[in-house]
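One-based numbering, in listed order, for ligands and for the atoms of each. We're numbering straight along the sequence, starting at 1.
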Amino acid sequence: MSSISENDKWILSFYRTSEISGALFFGRLARSLAPGPIQTDLTKHFADESQHAWYWTRCLANLGEEPIKLPTAYQDQYILAAGMPTNVMEVLGITLIFEKRVIGQYALHGQVANLHPEIKKTIALITEDEKWHIEWVTKALKGLEKEYGEDHIHSTLKRFREADQEVYKQTVAEHEERIQHILKRQMRSGDYER
Ligand SMILES: [Fe+2]
Ligand SMILES: [Fe+2]
């Protein structure tokens with residue numbers, strides 16, 4: 001028997017689809033890069049994202065639910081809005097902005113009142129990995145400053161941040177009814193937008 005609402009089932013399925021897309025996106029990138037420290041971290045990174053998709057699948061199963069098959073993932077719209085990254089710096093830049101959005105969204109969800117322990121547990125588990133994702137990408141970007149220039153990296157990040165805000169706004173508008181109880185927290189905490 002299910003212990004969560006239809007909306008929650010949809011949200012967890014959305015996260016699951018998103019994690020699968022993340023794993024595929026970073027997996028393809030890892031395949032295209034030459035061996036080296038960035039490829040090594042990217043490999044661990046896509047292994048983590050695959051694991052996250054499994055965590056949500058398991059979470060849904062433990063709640064007595066089957067995941068819903070959703071047509072598009074957040075990431076697809078992301079690439080559409082920001083454009084396909086054209087070099088390693090842009091890849092890391094878009095990854096950093098995206099990962100910050102993900103960790104912010106999970107943090108927001110983690111604060112929902114009377115959150116099911118199974119969901120809380122899954123968010124905590126994933127958040128640990130997401131912290132490392134932000135950490136290694138930030139370091140790698142720092143290491144590329146000499147090659148690409150600090151200002152250029154900053155303006156690239158700004159461009160991706162604007163695309164991110166646009167996609168997030170659209171996603172929220174499209175699915176407002178389903179995620180209202182999470183957005184309520186956002187309004188109260190007030191510090192979500194960077
Ligand atoms: Fe993830
Ligand atoms: Fe991640």
Visitor: Would Val167 end up clustered with Ile20 when hydrophobic side chains under 4.5 Å apart are linked, directly or stepwise?
Guide: no
Visitor: Is there a side-chain contact (heavy atoms from CB on, under 4.5 Å) between Glu166 and Gln170? Walk through the geometry before answering.
Guide: CA-CA 6 Å; Glu166 200 40 51; Gln170 280 171 17; 3.6 Å; yes
Visitor: Please lay out, stage by stage, how Leu60 and Glu66 fare under the test side-chain contact (heavy atoms from CB on, under 4.5 Å).
Guide: CA-CA 6 Å; Leu60 280 156; Glu66 288 267 327; over 6 Å; no
Visitor: If you leave out waters, which protein N, O or S atoms are less than 2.8 Å from the Fe ion (ligand 2)?
Guide: Glu49 OE2, Glu99 OE1, Glu99 OE2, Glu130 OE1, His133 ND1
Visitor: Does the plane of the ring in Trp136 sit parallel, tilted or perpendicular to the ring in His45? Use 30° and 60° as the thresholds.
Guide: perpendicular
Visitor: With sequence neighbours left out, write down each residue that passes side chain to side chain donor-acceptor pair (under 3.5 Å) with Asp129, or none if nothing qualifies.
Guide: His52
Visitor: By atom name, which N, O or S atom of Glu19 is the nearest to the Fe ion (ligand 1)?
Guide: OE1
Visitor: Among Leu92, Ile97, Ile38, which residue satisfies the side-chain contact (heavy atoms from CB on, under 4.5 Å) criterion with Val137?
Guide: Leu92
